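These numbers come from the heavy atoms of this one structure, side chains and all, not from hydrogens, waters or symmetry mates. Atoms within a ligand are numbered from 1 in the order they appear, just like the ligands themselves. Being a predicted model, the structure only gives us computed values, none of them experimental.
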Amino acid sequence: MLKKELKMKLVYLDHNATTPIDERVLSVMIPYFSANFANPSSIYTIAQKAKEVIEDARSRVAQLINASNGNIIFTGGGSEADNLAIKGVAFANMDKGKHIITSQIEHHAVLNPCKYLERLGFEVTYLPVDKYGIVDLDALRKAIRKDTILISIMYANNETGVIQPIEEIAKITKEKGVYFHTDAIQAVGKMRVDVEQLGVDLLSMSAHKFYGPKGVGALYVRKGIKIDPIIHGGGHEKGLRAGTENVAGIVGLTKALEIAMEHVGKEWEREQRLRDKLEKGLLEKIPDCFVNGHPEKRLANTTNIIVKYVEGESMLTYLDAEGICASSGSACTSGSLEPSHVLIAMGIPHELAHGSLRFSLGRSNTEADIDKVLDVLPNIVKKLREISPFGKGKDDLVQRT
Ligand SMILES: *Cc1c(COP(=O)(O)O)cnc(C)c1O
């Protein structure tokens, strides 16, 4: 078994969960763990140099997302950026109102801060999506009230890759004078993101989703937005995020974003070609399976498919034995028996949502990787269907107890 594992080339198709760090990113980070270790808040020369490095990184990130009209706040990851946006805006603006609007398909880093705020007396509207996973704009217009202070809608969904109409939403929120945050964690690095063109007030990103280090993210905050810190301490990050800066992480995030932006259009096309080949092949070779999400308004690297009459988790186990890494539902909900809240919001019945598989491609993937999945998955499904009590024609048994 071990021998087989060692010989097998890993086929990693879970880039929406995380990406390996780019060698070029790692090499610019290393000096900040040792030789350039100084605390940027200290006054001597080497500390001032570290401070300059951070400010240089901040302006480079700002430039890459066209954020000259605002600030970049470095955080301890994407979840923290989302929490800062939501709780920070809620606490700073509760004198104006205590109503927040978000969607049913957000990542838990957005949904759970909202649920927490509900416990503290805020009201939250969770907007529905259509069968393609796109937020209903009429429902959004109707949901906005006098006491609405924040709208948070993700840019691209991590499970389906579906892209939301952010520019249109921004027009609505601007008209109504409500702050607009977008969790752009799956979009940044995969596509060109321009906060001015989008018209957003706050935008989250996370380095490990674009070949940077884990545990570092950033929040764009437009000038003039009222926001409180959620981590209190020293006056770091314009008073919005206390704590000695993760200099290596910040340098890594910046380098990773620069590299991603250099190749953004080309890599999108390359991954799309491979993704489409994978999708088409699976649909041809596996009876009773279909793709979730919008056919076009979707990230180029993501495909989410449902294979009827089998469990997503079982397919993943068999794929893993072949050295193929994929996921079912989001990484956070994997391991629990709850089907994906995203697929449920799209109107997919529970018993089908259990059979979902997500493949998310990345830079390392080749034609051979896709061929391998197309070679092994149809057989896995065939085998599982033969032994499944939920097999075709046994629909009456699908009812779960
Ligand atoms: C990964 C992810 C997050 C969480 O980011 P972390 O850096 O892992 O905390 C939030 N939202 C979306 C859409 C994500 O894909």
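Taking the side chain as every heavy atom from C-beta outward, Arg275 and Asn301 never approach each other to under 4.5 Å. Taking the side chain as every heavy atom from C-beta outward, Tyr126 and Lys115 approach each other to under 4.5 Å.
A donor-acceptor pair shorter than 3.5 Å cannot be found between the side chains of Ser356 and Asn292.
With sequence neighbours left out, Thr182 forms a side chain to side chain donor-acceptor pair (under 3.5 Å) with no residue at all.
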I would like to know whether Arg358 and Thr302 meet side-chain contact (heavy atoms from CB on, under 4.5 Å); could you show each step before the answer? CA-CA 7 Å; Arg358 176 189 74 184; Thr302 309; 4.2 Å; yes
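Listed by chain and number, residues touching ligand 1 at under 4.0 Å (heavy atoms only) are Gly77, Gly78, Ser79, Asp82, His107, Met154, Asn158, Asp183, Ile185, Gln186, Ser206, His208, Lys209.
Distance check, rounded to the nearest 0.5 Å: CG of Asn93 to CG of Asp147 gives 12.5 Å.
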